[in-house]
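Chain naming here is simple, since letters A, B, ... match the order of the sequence lines and numbering starts at 1 in each. Computed over heavy atoms, backbone and side chain alike; hydrogens, waters and symmetry mates excluded.
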2 protein chains.
Amino acid sequence: MSTQERIPAWCPGQEWCSLTATASLVGKKWHPVIIHRLLANGPLGFNDLQEEVDGISSKVLSESLDDLAEKQLVERRVIEDKPVRTQYRLTDLGESLEPVVHAMASWGEAHLEHVDDRDASLV
Amino acid sequence: MSTQERIPAWCPGQEWCSLTATASLVGKKWHPVIIHRLLANGPLGFNDLQEEVDGISSKVLSESLDDLAEKQLVERRVIEDKPVRTQYRLTDLGESLEPVVHAMASWGEAHLEHVDDRDASLV
DNA sequence: CGGTATCCTCATTGATACTG
DNA sequence: CAGTATCAATGAGGATACCG
């Protein structure tokens with residue numbers, strides 16, 4: 001994979017390029033959740049993962065996993081038993097996102113929870 | 001602002017809700033950059049901010065700031081001099097995102113830089 | 001079980017121009 | 001300086017169905 005795909009073309013070499021590049025990974029709707037689930041529950045099959053990430057369609061999950069695999073954050077491993085199984089696991093690079101995902105989750109818990117105090121009708 | 005807008009409706013009360021909620025703030029293309037610039041360079045006027053965030057159109061900057069203000073991460077302050085000036089600054093809630101933005105920027109620097117070693121034609 | 005293939009809708013972005 | 005208006009383009013996401 002080339003830099004072109006990792007560093008967006010419109011990013012004009014600023015100080016914050018790496019920030020937006022990270023956002024383009026972690027900012028996708030389902031990517032942080034998928035990473036979070038794989039961090040928590042180890043390697044998972046496709047359908048297991050779909051249940052973990054409740055609400056995602058198989059199409060979007062498939063596309064997300066393709067994207068994550070292309071970015072070398074997730075590794076797809078086919079187990080050649082019968083019936084054939086598939087496992088998705090984080091690569092080392094993917095696991096290295098743990099602090100980022102953790103920071104995001106922590107912030108959400110700390111700062112969105114007290115919003116619920118004002119309007120606890122949901123959640 | 002109600003919980004409905006902060007916690008996405010499709011988020012089924014899972015463990016990772018707060019994660020996706022954070023992602024919906026920090027995952028927007030320009031939001032982390034705007035926050036980063038405001039963290040680094042204090043209060044800024046509209047046009048100053050547009051220069052800091054090189055490449056953003058005034059329309060998108062305006063919309064992003066509206067969004068950030070609505071989420072109480074950024075405060076808009078009109079200075080009633082002549083000519084009228086505007087200042088955008090982070091709220092306390094906005095500043096509390098510093099660890100998240102920092103984690104994202106650090107990860108990007110640490111893990112995208114060595115990609116450039118393989119293809120240093122850009123950046 | 002582990003996906004593709006369609007089709008559709010809506011959100012986001014961008015370019016450009018214009019205003020008080 | 002600080003935006004708004006308009007319009008076009010893109011693409012992410014969702015619903016559903018189907019396949020080996």
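- In this structure, B:Y88 reaches the D:dG3 phosphate: one of its side-chain N or O atoms is under 4.0 Å from OP1 or OP2.
- Using a distance-only test at 3.5 Å, with no hydrogens or angles considered, no donor-acceptor pair links the side chain of A:Q87 to the main chain of A:I79.
- When the side-chain nitrogen and oxygen atoms of B:R76 are compared with OP1 and OP2 of D:dG3, one or more of them lie within a distance under 4.0 Å.
- The closest donor-acceptor contact from the side chain of B:S62 to the backbone of B:S58 lies at 3.5 Å or more, if one exists at all.
- Residue contacts shown for B:T86 are limited to sugar-phosphate atoms, with no base heavy atom under 4.0 Å away.
- At the phosphate of C:dG3, neither OP1 nor OP2 sits under 4.0 Å from any side-chain N or O atom of A:S62.
- In this structure, the nucleotide among C:dG2, D:dC1, C:dG3 sitting nearest to the side chain of B:N47 is D:dC1.
- Look at NZ on B:K29: it is 11 Å from P on D:dG11, rounded to the nearest Å.
- Checking C:dT4, D:dC1, D:dG13 against the side-chain heavy atoms of B:R85 singles out D:dC1 as nearest.
- Taking every side-chain heavy atom of A:F46 into account, C:dG3 is the closest of D:dG14, C:dG3, D:dA12.
- In this structure, B:I56 places its CD1 atom 13 Å from P of D:dT4, rounding to the nearest Å.
- Put simply, CG on B:D67 is 13 Å from P on C:dA11, counting in whole angstrom units.
- Rounded to a whole Å, the CD atom of A:E80 is 18 Å from the P atom of D:dG20.
- B:D66 has its CG atom 11 Å from the P atom of D:dA5, to the nearest Å.
- Not one N or O on the side chain of B:S64 forms a donor-acceptor pair closer than 3.5 Å with the backbone of B:H31.
- The aromatic rings of A:W30 and B:W16 lie perpendicular to each other, with more than 60° between the two planes, well past the 30° mark.
- Taking CG of A:L90 as the reference point, atom CG of A:L97 lies at 8.5 Å (rounded to 0.5 Å).
- With hydrogens and angles disregarded, no donor-acceptor distance shorter than 3.5 Å links the side chain of A:S18 to the backbone of B:G108.
- Remark: A:R85 CZ is loosely packed, at most 12 non-hydrogen atoms of other residues, nucleotides or ligands lying under 6.0 Å away.
- Using a distance-only test at 3.5 Å, with no hydrogens or angles considered, no donor-acceptor pair links the side chain of B:T20 to the main chain of B:A23.
- Considering only side-chain atoms of B:V60, the nucleotide from C:dG3, C:dG14, D:dG14 that sits closest is C:dG14.
- Protein atom CD of B:Q50 is 14 Å distant from nucleotide atom P of C:dT16, rounded to whole Å.
- In this structure, A:L61 places its CG atom 17 Å from C1' of D:dT16, rounding to the nearest Å.
- You'll find a donor-acceptor pair under 3.5 Å spanning the side chain of B:S58 and the base of D:dT4, going by distance alone.
- Spacing between atom NZ of A:K28 and atom P of D:dG11 amounts to 10 Å, rounded to whole angstrom units.
- The terminal axes of the helix from C:dC1-D:dG20 to C:dG20-D:dC1, fitted over 5 pairs per end, subtend an angle of 50° to the nearest 10°.
- Counting any heavy atom pair closer than 4.0 Å across all strands shown, B:K59 reaches a base atom.
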